[in-house]
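Atoms within a ligand are numbered from 1 in the order they appear, just like the ligands themselves. Just so you know, residue 1 is the first one in the sequence shown, and it goes up from there.
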Amino acid sequence: MSWVLAQTFNEMAEDLQQYIADIQQAKEYNSLLATALENVTDAIEITDREAKYLYVNPAFENITGYTKQEVLSQTPALLRSGKHNPDFYQEMLETVVRKQIWHGVLISKHKDGTLYDQEVTLSPIVNEAGLLTHIVGVKRDITQRKRMEAILREAERRWRTLLESVHLVVIGLNRSGEVEYANPFFLELSGYTHAEVMGKNWFEYFLPHPQRQSVEGYFLDILEGDFQTHYQNSILTKFGEEKIIAWNNTLLQTPQGEIIGTMSIGEDITERQAIARMKDEFISVVSHELRTPLAAIQGGLSLLASGLMSAQTDKGRRVIEIAAESVDHLVLLVNDILEVERLELGKLRLSKQSCNAAELMLKAQDQMQIMAKRAGITLSVSPQTILFKADPDRIIQVLTNLLGNAIKFSARDSTVYLNVALSEAEESLLFTVKDQGRGIPIENLDSIFERFHQVDASDSRKKGGTGLGLAICRSIVQQHGGRIWAESALGEGSSFFFSLPRLTTEDENNDNQENLGD
Ligand code: ADP
């Protein structure tokens, strides 16, 4: 019996020991949980089934501004911001009462009155009988993240506005070279629609064939991280026109560093390059044109100065004559160069006024009469009273230039005609200067209007002139909104035409309004 008693006593002692150990373990577990709750950065709250606070952790105190003592036995209604309508809170509560988890974003009010955004998860605690006993809320302050999101959205909006309004081409390509972004300026320049561009292979669709390979090579180099940040190439517009673009490229990467494509910004330098070319051409021609007469003057004068030739001899007098002619030519040339430059830079303002075509034609005839007489040419002018608006001196300048050329390039005893006609709709007039001279080869009919272009390089020497007259005429006519051109049959003669819009009183009013607007 006593053995049985001892046995029972031992078992009880063991149970008791186990019990104490279990209690010890549960205590340690509880204190671990408590420490965890006290240290997490998310606010944690436990309410009873009536939603009265039973527990809040220090993060809750931090985020809400209320101490534990202040909120115990209060409800979360304490934190309401008034930014949600009552249905919103009702739905939140009903979800938990249905024993489901509620998750969402809540705007709450801090003790000091400021509002903040929090991401909230409310979980129901249900007892063994299946009844809701408590609600556990985990809340994270996301004001910072939201405020950041807003900054990013704003930054993105600014960039987008910039890309959409800038007068530069912006093209985004993926790794395969397909267009993922094209800004409105590119669409305007290329003539394509957004749909026609997106997803197309850039090199295949938009580059002239000979440049495809090399530009694709640059692209692959950029993807490899081998930076070719600047280069120029042509692109093809929808109408087959080539535009030269100077590019600036950047690599597009994900935050993890994965390369996803390129973004390129390009400037259309087509016009700038053409102007630079023309300027170079102009300077080289001008310097040649100036040097020729200067060399004649310099050579002649040094011959006389050295005493090798006397100014009193026939030869000497001829040298002086040539030098004087060269000076005249230089004066003419310099004046014409300055004139053409002023005209083309738009520095010369037209002073438009009411003109009578007949008057201008007769004045031009008067000015050219002596030259015509000397050359044995008859000037046949058919004046007509047509009223229009133009700068009269400039129109006379065009007429005398054309008459002068017609006289220069005609044989003696021939006639030069000057006519004017009104267009059918009477909205423009057409002047014609027609001669019976040597004519102009068809391939020169356009180029003679370019600066220094002459049919025969010896024309300026033999006939006088600078090769700038027609360029000046073209500028004047174009500034009046008109057009000038020539037709000719070799050996039979040439006709020069220029049309001018015949500004009405209404146009005149618009003109004045525009000026007032300036
Ligand atoms: P230039 O001072 O040499 O006359 P222009 O610009 O007036 O310069 O004319 C350019 C060239 O066009 C002339 O040099 C000449 O070769 C040709 N040309 C102009 N007008 C006529 C014309 N009526 N008949 C034949 N050739 C002409």
Point to revise | Element-labelled atoms of ligand 1 that are located less than 4.0 Å from some non-hydrogen atom of Leu468 | key: 6 (O), 8 (O)
Study note, to complete from the structure: Under 4.0 Å between heavy atoms, the region of Phe496 that gets near ligand 1 turns out to be side chain
Practice item. Enumerate the atoms of ligand 1 whose separation from the nearest heavy atom of Ser494 is less than 4.0 angstrom. Key: 24 (N)
Check your understanding: Is a side-chain N or O of His480 found less than 3.5 angstrom from the main chain of Asp391, in a donor-acceptor match?
Key -> yes
Check your understanding: Got a salt bridge between Glu321 and Arg317, using NZ or NE/NH1/NH2 to carboxylate O under 4.0 Å?
Key -> no
Revision key, fill the gap. Within 4.0 Å of some non-hydrogen atom of Ala406, the atoms of ligand 1 are 23 (N)
Review point. Evaluating non-hydrogen atoms only, which member of Leu402, Leu490, Asn405 is closest to atom 19 (C) of ligand 1?
Key: Asn405
Check your understanding: Would you call Glu154-Arg157 a salt bridge at under 4.0 Å N-O?
Key -> yes
**Study point:** Under 3.5 Å: N/O of Asp435 near N/O of ligand 1
**Key:** yes
Practice item. Return yes if some donor-acceptor pair links the side-chain N/O of Ser214 with the main-chain N/O of Gln211 below 3.5 Å, else return no. Key: yes
Review point. Less than 3.5 Å between some nitrogen or oxygen of Gly467 and one of ligand 1, yes or no?
Key: yes
Check your understanding: Looking at residues at least two apart in the chain, or sitting in another chain, which of them share a side-chain hydrogen bond (donor to acceptor under 3.5 Å, both in side chains) with Ser165?
Key -> none
Check your understanding: Which of the numbered atoms in ligand 1 are below 4.0 angstrom from a heavy atom of Lys408?
Key -> 1 (P), 2 (O), 4 (O)
Practice item. Return yes or no for this condition: an N or O of Ala471 is under 3.5 Å from an N or O of ligand 1. Key: no
Exercise for review: May I ask you to list the atoms of ligand 1 that are less than 4.0 angstrom from any heavy atom of Gly469?
Suggested key: 5 (P), 6 (O), 7 (O), 8 (O)
Exercise for review: For this output row, return yes or no: ring centroids of Trp159 and Tyr181 closer than 6.0 angstrom.
Suggested key: no
Review point. Polar-atom distance check: Ile440 versus ligand 1, any N or O pair below 3.5 Å?
Key: no
Study note, to complete from the structure: A student checking ligand 1 against Val455 at a 4.0 Å heavy-atom cut-off should list atoms 16 (O), 17 (C)
Practice item. Could you note down all residue pairs passing side chain to side chain donor-acceptor pair (under 3.5 Å) where residues 361-381 supplies at least one of them, sequence neighbours left out? Key: none
Check your understanding: Given the side-chain rings of Tyr205 and Tyr192, with only the six-membered ring counted for Trp, is the space between their centroids under 6.0 Å?
Key -> no
Point to revise | Ring geometry between His84 and Phe88 (parallel below 30°, tilted from 30 to 60°, perpendicular above 60°) | key: parallel
Exercise for review: Give the numbers and elements of all ligand 1 atoms closer than 4.0 Å to a heavy atom of Arg438.
Suggested key: 16 (O)
